[in-house]
**Student:** 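This is the structure I want to talk about, given as structure tokens.
Computed from a predicted model, the values in this text were never measured in an experiment. For ligands, and for the atoms within them, numbers begin at 1 and follow the listed sequence. What's counted below: heavy atoms across the whole structure, side chains too, no hydrogens, waters or symmetry copies.
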Amino acid sequence: MATRECHAYAEWGFSPDDRPGVPVVIFHIECTSCHERPAEASDDGTPQQTWALDHTGRNPDHQGFKLNTETFWRVEPRRDNPYAEIRP
Ligand SMILES: [Zn+2]
């Protein structure tokens, strides 16, 4: 009994998602003493800096913060990939 296999090869790329409306980065911050976080994240680190300074102003012994960044990426078909014809 013979088994026949067919393999196809298609190129895919992985790159930052630069579509309109997709933020480049989102910042999240958390106090490492009490784990409090501001209500909202932002795509500009300024509100996180202001929140950290205010937080330490209200709690002088809370001086450590964890700043996390979130970025958005996509896997998309390369030009010769048959899926390149299909757009979501
Ligand atoms: Zn705190």
**Student:** Just to verify, what does Glu40 make a side chain to side chain contact (heavy atoms under 4.5 Å, CB included) with, not counting sequence neighbours?
**Tutor:**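 For Glu40, no residue satisfies side chain to side chain contact (heavy atoms under 4.5 Å, CB included) once neighbours in sequence are set aside.
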**Student:** Identify which protein N/O/S atoms are less than 2.8 Å from the Zn ion (ligand 1).
**Tutor:**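 The answer is Cys31 SG, Cys34 SG, His55 NE2, His62 ND1.
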**Student:** What about Trp51 and Leu53, same hydrophobic cluster or not, with Ile/Leu/Val/Met/Phe/Trp/Tyr joined at side-chain heavy-atom distances under 4.5 Å?
**Tutor:**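 No, Trp51 does not connect to Leu53 through the hydrophobic network.
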**Student:** Can you tell me if Asp44 and Thr46 form a side-chain donor-acceptor pair at under 3.5 Å?
**Tutor:**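 Yes, Thr46 and Asp44 have a side-chain donor paired with an acceptor closer than 3.5 Å.
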**Student:** Using modelled atom types and a 3.5 Å cut-off, is there a donor and acceptor pairing between side-chain atoms of Thr69 and backbone atoms of Phe27?
**Tutor:**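 No: the side chain of Thr69 does not pair with the backbone of Phe27.
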**Student:** I'd like to know if Arg19 pairs up with Asp17 as an ion pair, taking the criterion as any Lys NZ or Arg NE/NH1/NH2 lying under 4.0 Å from an Asp or Glu carboxylate oxygen.
**Tutor:**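 Answer for the salt bridge query: yes.
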**Student:** What's the verdict on side-chain hydrogen bond (donor to acceptor under 3.5 Å, both in side chains) for Glu76 and Ser15, showing C-alpha distance, side-chain angles and the deciding distance?
**Tutor:** CA-CA 8 Å; Glu76 294 183 311; Ser15 58; 4.7 Å; no
